Amino acid sequence: RSISGDARKMERDISRNADAVGAKFRALAGAAAAAFSVAEVAKLADGYTRFTNQLKVAGEAGDGLIRTQERLFETAQKYGVELESLGTLYSRGAQVSKELGASQEDLLKFTNGVAAALKVQGGSAASAQGALLQLSQALGSGTVRAEEFNSINEGALPILKAVAQNLDGAGGSVARLKVLVNDGKVSSDAFFRAFLAGSAELEAQAAKTTLT
């Protein structure tokens with residue numbers, strides 16, 4: 001009721017202070033007021049601060065930090081993925097980039113491919129966030145573990161399909177990939193490289209879906 005009242009007040013203020021404002025704009029203003037409370041705006045601002053801090057922890061600074069922020073923001077907007085979670089994924093990958101043999105461009109390509117996979121998957125934001133967290137842990141653990149595999153399987157199955165198609169021994173089968181993971185035979189760097197190899201196909205699939 002409070003948000004609804006704020007929306008009506010905003011609409012009245014617009015009408016009183018700008019008689020030339022059209023009905024469509026007033027409707028848009030009312031919708032915006034209803035969608036974003038002060039607390040929600042503060043929450044988004046805090047999330048962006050955490051996102052930036054994650055990139056700094058990963059060693060980003062100056063113009064490089066700005067460019068990485070912009071690339072990840074574009075990815076988040078393009079595929080409808082929560083920005084802070086993408087920052088966590090990129091940061092975790094950057095911190096173990098030597099172990100993964102990954103360049104910055106590799107990490108950005110990986111993050112973009114993951115976002116595309118989440119768009120293909122659909123589902124709730126909560127399940128996607130959980131999958132991203134487990135995926136970021138899988139990058140730094142040295143070996144992909146069953147717990148991480150299961151979470152990714154539940155929230156982002158297209159990621160595992162892409163890996164299974166491009167990982168030696170999996171033969172394109174997610175079930176076979178699971179057996180390899182359970183046996184401790186899938187290293188983080190092999191998982192990373194296999195996904196990179198399949199990311200272009202995921203991006204092509206995501207381009208055919210509609211962003212809500």
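Keep in mind it's a predicted model, so treat the numbers as computed, not measured.
- The closest side-chain donor-acceptor pair between S103 and D106 falls under 3.5 angstrom.
- F195 approaches A162 most closely through the heavy-atom pair CD1-CB, 4.0 Å.
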Pair R71, E105 - check salt bridge (Lys or Arg N to Asp or Glu O under 4.0 Å), show working. CA-CA 10 Å; R71 290 281 296 273; E105 194 58 35; 3.0 Å; yes
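- Side-chain atoms of Q134 do not come within 3.5 Å of backbone N or O of I152 as any donor-acceptor pair.
- The backbone N or O of L55 sits nowhere less than 3.5 Å from a side-chain atom of S91 that would complete a donor-acceptor pair.
- There is no path of hydrophobic side-chain contacts, each under 4.5 Å, that joins V174 to V120.
- At least one donor-acceptor pair under 3.5 Å links the side chain of N150 to the backbone N or O of A146.
- The minimum heavy-atom distance linking T143 with S188 is given by the pair N-OG, 3.5 Å.
- Summarising the local packing, CD of Q95 is surrounded by more than 12 heavy atoms from other residues, nucleotides or ligands at distances under 6.0 Å.
- When atom types are taken as modelled, the side chain of S85 and the backbone of V81 share no donor-acceptor pair closer than 3.5 angstrom.
- Within 6.0 Å of CG on D63 lie no more than 12 heavy atoms contributed by other residues, nucleotides or ligands.
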With side-chain contact (heavy atoms from CB on, under 4.5 Å) as the test, would you mind laying out the steps for K161 and Q165 before giving the verdict? CA-CA 6 Å; K161 288 182 176 179; Q165 288 288 342; 5.5 Å; no
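- Between L118 and L132, the closest side-chain pair of non-hydrogen atoms falls below 4.5 Å.
- Side-chain contact check for E60 and T52: no donor-acceptor pair (N or O, by modelled atom type) lies under 3.5 Å.
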Could you walk me through whether F51 and Q69 pass the side-chain contact (heavy atoms from CB on, under 4.5 Å) test, one step at a time? CA-CA 9 Å; F51 162 71; Q69 284 176 315; 4.0 Å; yes
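- A donor-acceptor pair under 3.5 Å is absent between the side-chain atoms of S97 and the main chain of G93, judged by distance alone.
- R145 has a carboxylate O that lies under 4.0 Å from a charged side-chain N of E148, or vice versa, which qualifies the two as a salt bridge.
- Considering only heavy atoms from C-beta on, F191 comes within 4.5 Å of L160 through its side chain.
- Smallest separation of non-hydrogen atoms from L72 and L83: O-CD1, 3.8 Å.
- Between the S136 side chain and the L133 main chain, a donor and an acceptor come within less than 3.5 Å of each other.
- You'll find the side chain of R67 stays beyond 4.5 Å of the side chain of Q104, heavy atoms only.
- Under a 3.5 Å cut-off, the side chain of S199 and the backbone N or O of G113 do not form any donor-acceptor pair.
- Side-chain contact between Y79 and E203: present, with at least one pair of heavy atoms (C-beta onward) separated by less than 4.5 Å.
- Residues F149 and N182 form no side-chain contact, since every pair of their non-hydrogen atoms from C-beta on lies 4.5 Å or further apart.
- T111 contributes a side-chain N or O that, together with a main-chain N or O of L107, makes up a donor-acceptor pair within less than 3.5 Å.
- Without hydrogens or angle criteria, R176 side chain to G169 main chain gives a donor-acceptor distance under 3.5 Å.
- What you find for I159 and L135 is that their closest heavy atoms are CD1-CD2, 3.9 Å.
- A donor-acceptor pair shorter than 3.5 Å cannot be found between the side chains of S151 and E154.
- When all heavy atoms of R193 and L100 are compared, the closest pair comes out as NH2-O, 3.5 Å.
- For the pair D189 and E99, the minimum side-chain heavy-atom distance is 4.5 Å or more.
- Between E84 and K43 there is no salt bridge, since none of the side-chain N atoms of the basic residue sits less than 4.0 Å from a carboxylate O of the acidic one.
- A164 and A170 make their closest contact through O-CB, 3.5 Å (heavy atoms, listed as atom of the first residue, atom of the second, distance).
- With K185 contributing its side chain and L180 its backbone, the two residues share no donor-acceptor pair below 3.5 Å.
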Does L89 form a side-chain contact (heavy atoms from CB on, under 4.5 Å) with L139? I'd like the steps, not just the answer. CA-CA 9 Å; L89 178 63; L139 294 181; 3.9 Å; yes
